[in-house]
Amino acid sequence: MDDNVDKDSVKEVLSGVLAYHEATRQVRSDRAEDFKFNFGGIHQWDAADAAKLKSEKRPLLTFNITGPVINFVAGYQQDREQDYRTYPRGTEDEQLGRLATALLKYQQDQARGPHTFHQGFRQGLIGGQSVFEVGHSYDFTDDLLEGDVTLDLLEHDTWGHEPGARRYDRNDASYQFKLMWMTHDEATRKWPSQAEALKSGRSRDWLREDPELTGIPESMRNYFVDKDNDRVRIMQYWYRVPVEVALVVNTQTGEITRFETQKKAEAELRRIYDTAGATAASQYRLQTATSQSALIHNSGQIFTFTKPEQAQEALARIHSQAGAQASSAFELVVRPTTALRVKHLTAWQVLDDKPSPAGSDWRYPFVPFKVYQDTDDLNHIKGMVRDVKDPQREVNWHHATMLDTLIRGPKGGVWVSKAENVDINALRAQYAKAGFIGEYAGQPPIPVNPQGLSEGDMAMLQFGIDAIMRITGVNAEMLGQTTQKTVSGRAIQSRQAGGLVGIGSIFMNWTETKTLVGQLLLRGIQRHYSPEKMDRIIGDELRKLKSMNMLAPTTIPAQIMYEKFKALKQVDMDVVVSYQDASPTARAAVAAQLLQFKAAGAPVPLPLIIEASDVPFKNEINAAIAQQGEQPPNAELAKIVSAGQGQSGPTGVNTSQ
């Protein structure tokens with residue numbers, strides 16, 4: 001790369017990264033504190049308060065109420081999650097959607113998708129934002145030929161973007177970047193011609209940022225940043241460059257084909273012209289006789305001519321007119337747009353600069369999950385922890401105050417007259433350690449009674465706990481911690497539903513994040529998985545089951561399946577994110593309704609009913625159905641089950657026994 005171009009490129013990157021770090025300095029600092037706060041212990045204490053208690057030798061304990069709230073909401077997400085489903089956007093065969101769904105399921109299994117999503121959800125709940133990356137890799141996969149589509153969760157504060165971006169997915173940003181670490185040997189193998197730059201890159205953390213605010217845990221700081229360790233900080237910088245693309249639009253069908261240059265688009269139009277003309281002319285055959293000539297169409301229609309030359313001219317005219325007619329259905333449009341490129345840097349030196357591996361796809365490979373952001377200010381991104389810090393600290397403070405009162409206040413005791421000659425040591429061994437035993441001569445001392453708990457501290461302690469529940473929307477009924485002795489089941493369910501409404505916006509954003517990630521995953525599958533790989537994933541299993549007589553004889557033939565896999569690489573799909581109902585009772589009702597539809601004749605697949613139910617071992621049941629097919633109903637068993645219904649059970653009211 002030219003030195004001047006290289007310097008300008010580095011200057012542009014440096015300016016962009018510094019702009020993001022400056023715009024997010026406060027929120028990154030708050031986020032680091034949020035993660036420590038959720039962990040609990042000394043991290044939940046204000047530094048000044050903790051110093052005061054230590055200097056006065058007062059107890060410093062933490063009752064972490066924030067952590068269980070995060071655990072509940074994260075567990076709620078995990079409990080309701082369902083697999084991705086895809087549906088063709090056009091009029092294509094519905095089976096293509098089921099094949100794409102199966103391929104997404106395979107990808108999620110390979111990439112440990114459910115666990116990765118759960119970790120990202122927790123990370124977002126705590127710090128306000130998490131970021132997923134969809135890529136393609138040949139590492140950690142059994143398929144070394146084609147690799148696998150990957151899903152990774154980035155360490156917090158290792159991703160950034162143009163501060164002016166406003167879309168939820170940040171695809172309107174002119175640049176995005178990711179920070180990562182590699183060993184020197186790994187980096188040298190990847191960029192063998194940049195050995196000197198990599199050597200200088202490992203000597204220091206060249207970002208000039210607080211390592212804690214760029215994704216380095218405090219416990220790992222020396223390991224990553226210390227110049228004596230064999231680590232290199234690499235920046236992956238994605239950016240947009242202006243380009244012009246040519247669009248060939250079929251004005252009759254609405255189909256649009258994109259070409260990277262106008263020259264390629266014009267070549268395609270010429271091909272259409274020539275091919276369409278030749279195709280039309282090929283439908284005629286020329287036949288001559290002594291008295292006349294004829295053009296005979298494939299349909300049997302005959303056009304006669306007195307001379308052979310006249311027939312040849314007509315044939316040439318058909319060729320020309322058919323080509324012009326076919327070409328007139330297309331319109332060439334040239335429009336300015338942007339294309340993605342990606343470069344890697346270390347120590348503010350460019351290691352490489354290449355077009356996006358995703359080709360013409362304009363989407364960045366990163367998808368954020370933002371819990372709350374009510375304005376465009378990046379510092380307003382927050383999670384659930386941010387708002388409960390004050391009441392949590394109040395709980396800790398008042399508990400510590402009450403404990404200090406009990407420890408250092410009077411404990412009560414027993415005074416014994418010396419005249420009685422009591423064995424004091426024996427009496428002390430029998431008396432409570434918190435109290436004391438003393439001797440007196442003459443008049444007995446005035447007793448000092450033990451200190452009682454402060455009602456004010458107790459009230460503030462309870463107020464803080466209640467405030468945390470109200471702020472987060474997670475109430476005692478949702479946690480299963482209600483202490484009321486008589487509460488109707490309907491009242492409990494109503495309070496639970498009210499709490500779920502309070503966290504509804506979180507799951508609205510989570511649905512958007514999962515949908516965007518699913519679209520990238522599906523595009524990655526279409527781009528990187530060949531029909532042969534799709535056939536290995538799905539087709540081999542179907543053929544195996546058929547050979548074992550475990551599938552119906554109507555199984556799709558292998559060649560047709562292969563053609564469907566080829567079509568799948570081009571079809572536009574909608575990715576659907578769905579959740580189970582929150583209440584077990586509601587899930588049972590949905591399953592019952594599906595059974596009723598099936599009984600009425602609706603073609604409801606049995607695996608779908610099982611998926612909607614609350615029964616355990618769903619995967620095993622559906623696997624058995626795939627192998628053996630649906631079994632006929634067992635009338636005798638149905639009678640037994642029906643006979644057991646309507647027996648006495650829970651009354652819906654919690655009563656003390």
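Just so you know, residue 1 is the first one in the sequence shown, and it goes up from there. The analysis underlying the following values was restricted to heavy atoms, covering all of them including side chains, and did not include hydrogens, waters or symmetry mates.
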Heavy-atom neighbours of Arg112 CZ exceed 12 at 6.0 Å: no
Over 12 non-hydrogen atoms of neighbours within 6.0 angstrom of NZ in Lys11: no
Over all atoms of both residues, closest heavy-atom pair of Leu351 and Ala197: CD2-CB, 4.1 Å
4.5 Å side-chain heavy-atom contact, Val342 and Leu340: no
With Tyr168 via ring pair (Phe, Tyr, Trp, His ring centres under 6.0 Å) - residues at least two apart: none
Considering all heavy atoms, the nearest Glu162-Ser174 contact: OE1-N, 2.6 Å
Ignoring hydrogens and angles, write down the donor-acceptor pairs under 3.5 Å from the side chains of residues 176-184, residues two or more places apart or on other chains.
{"residue": "Gln176", "atom": "OE1", "partner": "Trp159", "partner atom": "NE1", "Å": "3.1"}
{"residue": "Gln176", "atom": "NE2", "partner": "Arg170", "partner atom": "O", "Å": "2.9"}
{"residue": "Lys178", "atom": "NZ", "partner": "Glu133", "partner atom": "OE1", "Å": "3.0"}
{"residue": "Lys178", "atom": "NZ", "partner": "Glu133", "partner atom": "OE2", "Å": "3.2"}
{"residue": "Thr183", "atom": "OG1", "partner": "Glu186", "partner atom": "N", "Å": "3.1"}
{"residue": "Thr183", "atom": "OG1", "partner": "Glu186", "partner atom": "OE1", "Å": "3.3"}

Side chain to side chain contact (heavy atoms under 4.5 Å, CB included) between Gln119 and His115, worked out: CA-CA 6 Å; Gln119 289 297 106; His115 182 265; 3.6 Å; yes
Ile525 and Leu104: CA distance, side-chain angles, deciding distance, side chain to side chain contact (heavy atoms under 4.5 Å, CB included) verdict: CA-CA 8 Å; Ile525 289 172; Leu104 269 176; 3.9 Å; yes
Side chain to side chain contact (heavy atoms under 4.5 Å, CB included) evaluation trace for Val69 with Met384: CA-CA 9 Å; Val69 172; Met384 296 186 73; 4.2 Å; yes
Side-chain heavy atoms of Val517 within contact of Phe366, under 4.5 Å: no
Heavy atoms of other groups near Phe39 CZ, more than 12 under 6.0 Å: no
Lys/Arg-Asp/Glu bridge criterion (N-O < 4.0 Å) met for Arg28, Asp210: no
Option among Asp361, Leu522, Val149 that satisfies the side chain to side chain contact (heavy atoms under 4.5 Å, CB included) test with Arg527: Asp361
For Lys566 against Pro531, the heavy-atom pair lying closest together: CG-CG, 3.7 Å
Atom pair CG/CZ of Asp352 and Arg341 - distance to nearest 0.5 Å: 10.0 Å
CA sep, side-chain torsions, deciding dist, call: Gln77, His118, side chain to side chain donor-acceptor pair (under 3.5 Å): CA-CA 8 Å; Gln77 171 265 332; His118 182 65; 2.9 Å; yes
Ring centres under 6.0 angstrom apart (Phe132, Phe369): no
Contact check, side chains of Leu213 and His21, non-hydrogen atoms, under 4.5 Å: no
Thr214 and Asp157, any side-chain heavy atoms less than 4.5 Å apart: no
Check: Ile506 and Phe121 side chains under 4.5 Å, non-hydrogen atoms: yes
Polar side-chain atom of Gln107 near backbone of Asp148 as donor-acceptor pair, under 3.5 Å: no
Option passing side chain to side chain contact (heavy atoms under 4.5 Å, CB included) with Gln123 (candidates Leu154, Leu153, Val371): Leu153
Test: Asp109 and Lys105 ion pair at under 4.0 Å: yes
Nearest heavy atoms of Pro368 and Lys370, plus distance in Å: CG-NZ, 3.8 Å
For Asn38, side-chain contact (heavy atoms from CB on, under 4.5 Å) partners two or more places apart: Thr66, Ile70, Arg122, Ile126, Val385
Side chain Gln373, main chain Thr375, donor-acceptor under 3.5 Å: yes
Counterpart residues, side-chain contact (heavy atoms from CB on, under 4.5 Å), relative to Asp143 (two or more places apart): Thr141, Leu145, Glu146, Lys533, Arg536
Spacing of OG1 belonging to Thr150 relative to CG belonging to Leu521, to within rounding of 0.5 Å: 8.5 Å
Student check: side-chain heavy atoms of Trp510 and Leu125 closer than 4.5 Å: no
Minimum heavy-atom distance between Ile381 and Val27, given as atom pair plus value: O-CG2, 3.5 Å
Validation row: Leu96, Lys564 side chains within 4.5 angstrom (heavy atoms): yes
Distance (rounded to the nearest 0.5 Å) between Gln526 CD and Lys569 NZ: 7.5 Å
Nearest heavy-atom neighbours spanning Ser505 and Tyr372: OG-CE2, 3.5 Å
Parallel, tilted or perpendicular: ring planes of Phe117 versus Tyr84, cut at 30 and 60 degrees: perpendicular
side-chain contact (heavy atoms from CB on, under 4.5 Å) partners for Asn171, two or more places apart: Arg167, Asp169, Arg240, Trp362, Arg363, Tyr364
Side-chain donor or acceptor of Ser29 paired with backbone N/O of Arg25 under 3.5 Å: no
Residue pair Trp206 / Gln349, side-chain donor-acceptor N/O under 3.5 Å: no
Asp34 side, atom CG; Lys382 side, atom NZ - distance, nearest 0.5 Å: 10.5 Å
Thr116 side chain near Gln108 side chain, heavy-atom distance below 4.5 Å: no
Pair Ile216-Arg233, side chain to side chain contact (heavy atoms under 4.5 Å, CB included): steps then yes or no: CA-CA 11 Å; Ile216 305 178; Arg233 167 104 69 170; 3.4 Å; yes
Distance, nearest 0.5 Å, that separates CG of Asp79 from CZ of Phe72: 9.5 Å
Glu155 side chain vs Gly215 backbone, donor-acceptor pair below 3.5 Å: no
Residues Glu212, Lys36: salt bridge by 4.0 Å N-O rule: yes
Residues forming a side-chain contact (heavy atoms from CB on, under 4.5 Å) with Ala19, sequence neighbours excluded: Pro163, Tyr175
Donor-acceptor contact below 3.5 Å, side chain Thr86 vs main chain Thr101: yes
Backbone N/O of Lys343 and side chain of Asp353: donor-acceptor pair under 3.5 Å: no
Atom pair CZ (Arg85) and CG (Asp574), whose distance is rounded to the nearest 0.5 Å: 15.0 Å
